[in-house]
Amino acid sequence: MLPVKKLIILIVLLSGVLVAEANSGSEKIPGDIYMAFQTGNAKLLANYFNQNVELVVLSNDNVYSKAQAQQIVNNFFSNFPPIGFDEDKGQIPFSVIHQSGRGDAQSVIGKLKTNKGDFRVYFLLKKYSGKDYIHQLRIEKQ
């Protein structure tokens, strides 16, 4: 009887670990999105844009096509390049302040440090067919 109890406990523990892993996986932001903000790479970021993106970047505030949104973000990064990455000096260009998710959608608030000041970044990700897409992106001066 003792081996059956051990087996049941093991199954319960493993199922708890699997549920926790499944929940934490749903809130992970794709690494390429982090890298795009760290390096100021609009093309890499645009790989995650939905076909139409609600975009607020400085004076641009509208719904844009994926190509238009990439161009606007590229212009932003050209004018406001992220600071150089140096973890020893505490220079990390992009950091997440808050993220939350529900179902196949998650929102992220972050801070982008540039050579010309800091910006608040907000984006909304929605998952379709297993891929994350950015539906909203806001980059505002802090």
Side-chain angles (χ1 to χ4, degrees), residues 3-142:
V4 174
K5 285 183 180 180
K6 286 183 180 180
L7 182 62
I8 291 172
I9 291 172
L10 182 62
I11 290 172
V12 169
L13 288 174
L14 284 176
S15 63
V17 168
L18 291 175
V19 167
E21 183 67 28
N23 287 339
S24 69
S26 67
E27 292 194 25
K28 289 184 181 175
I29 305 302
D32 284 347
I33 293 176
Y34 285 116
M35 184 61 67
F37 283 112
Q38 299 276 29
T39 60
N41 188 333
K43 184 176 182 181
L44 183 60
L45 187 61
N47 288 334
Y48 289 89
F49 287 167
N50 195 29
Q51 290 305 311
N52 293 302
V53 182
E54 184 181 327
L55 190 68
V56 177
V57 177
L58 302 178
S59 63
N60 299 290
D61 182 355
N62 208 337
V63 176
Y64 296 97
S65 71
K66 183 176 185 173
Q68 290 171 315
Q70 179 181 343
Q71 186 176 16
I72 291 167
V73 172
N74 190 52
N75 287 340
F76 171 81
F77 284 137
S78 293
N79 292 319
F80 300 93
I83 61 169
F85 183 84
D86 188 343
E87 193 170 4
D88 293 336
K89 293 182 181 177
Q91 289 183 196
I92 300 173
F94 180 71
S95 58
V96 172
I97 296 169
H98 176 76
Q99 75 181 67
S100 63
R102 177 178 284 184
D104 288 338
Q106 56 183 318
S107 61
V108 177
I109 298 172
K111 182 176 184 179
L112 178 65
K113 294 183 177 194
T114 74
N115 291 336
K116 297 179 181 176
D118 295 346
F119 291 84
R120 180 182 180 272
V121 175
Y122 165 85
F123 57 92
L124 174 66
L125 285 173
K126 291 184 182 179
K127 189 177 290 281
Y128 292 115
S129 301
K131 184 173 184 327
D132 290 307
Y133 292 96
I134 295 174
H135 286 260
Q136 295 176 1
L137 173 62
R138 299 177 74 92
I139 303 175
E140 301 166 320
K141 187 80 174 148
Q142 272 196 325

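Predicted model, so just to flag it, every value in this text is computed and none were measured.
- For the pair K126 and Y133, the cation-pi criterion (under 6.0 Å, within 45° of the ring axis) is not fulfilled.
- Residues I33 and V108 form no side-chain contact, since every pair of their non-hydrogen atoms from C-beta on lies 4.5 Å or further apart.
- Taking the ring centre of F49 as origin, the terminal cationic atom of K66 falls outside the region bounded by 6.0 Å and 45° from the ring axis.
- Other residues, nucleotides and ligands place more than 12 heavy atoms under 6.0 Å from the CD atom of Q136.
- Side-chain contact between F80 and L58 is present, with at least one heavy-atom pair separated by less than 4.5 Å.
- Less than 6.0 angstrom separates the ring centroid of H135 from the ring centroid of Y128.
- Going from atom CD of E140 over to atom OH of Y122 covers 11.0 Å, rounded to the nearest 0.5 Å.
- In this structure the side chain of L112 reaches within 4.5 angstrom of the side chain of F76, judged on heavy atoms.
- Residue I72 holds its CD1 atom at 10.5 Å from CD1 of I139, rounded to the nearest 0.5 Å.
- N62 is not listed as a side-chain neighbour of N60, based on a closest heavy-atom distance of 4.5 Å or more.
- Within the 4.5 Å cutoff, the side chain of F94 has no heavy atoms near those of the F119 side chain.
- By the 4.5 Å heavy-atom criterion applied to side chains, P30 and L125 are counted as neighbours.
- Of all non-hydrogen atoms in P82 and F37, the two that sit nearest each other are CG-O, 3.4 Å.
- Checked by atom type and distance alone, the side chain of N79 pairs as donor or acceptor with a backbone atom of N75 at under 3.5 Å.
- Across P93 and I83, no two heavy atoms sit closer than the pair CG-O, 3.1 Å.
- Remark: Y34 OH to I29 CD1 distance equals 5.0 Å, nearest 0.5 Å.
- One N or O on the side chain of N41 and one on the backbone of L44 form a donor-acceptor pair closer than 3.5 Å.
- Contact record, V73 with L45: CG1-CD2, 4.0 Å, taken as the closest heavy-atom pair.
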Item to check | Worked check of side chain to side chain contact (heavy atoms under 4.5 Å, CB included) between D132 and D104 | outcome: CA-CA 9 Å; D132 290 307; D104 288 338; over 6 Å; no
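- The minimum heavy-atom distance between R120 and I109, with the atom names listed, is NH2-CD1, 3.6 Å.
- Looking at I92 and K113, their side chains never come closer than 4.5 Å, going by heavy atoms from C-beta outward.
- For Q106 against K28, the heavy-atom pair with the smallest separation is NE2-O, 3.5 Å.
- Geometrically, K131 engages Y48 in a cation-pi contact, judged by NZ or CZ lying under 6.0 Å from the ring centre and within 45° of the ring axis.
- In this structure, G117 and K141 approach most closely via the heavy-atom pair CA-NZ, 3.4 Å.
- Looking at L55 and F123, their side chains never come closer than 4.5 Å, going by heavy atoms from C-beta outward.
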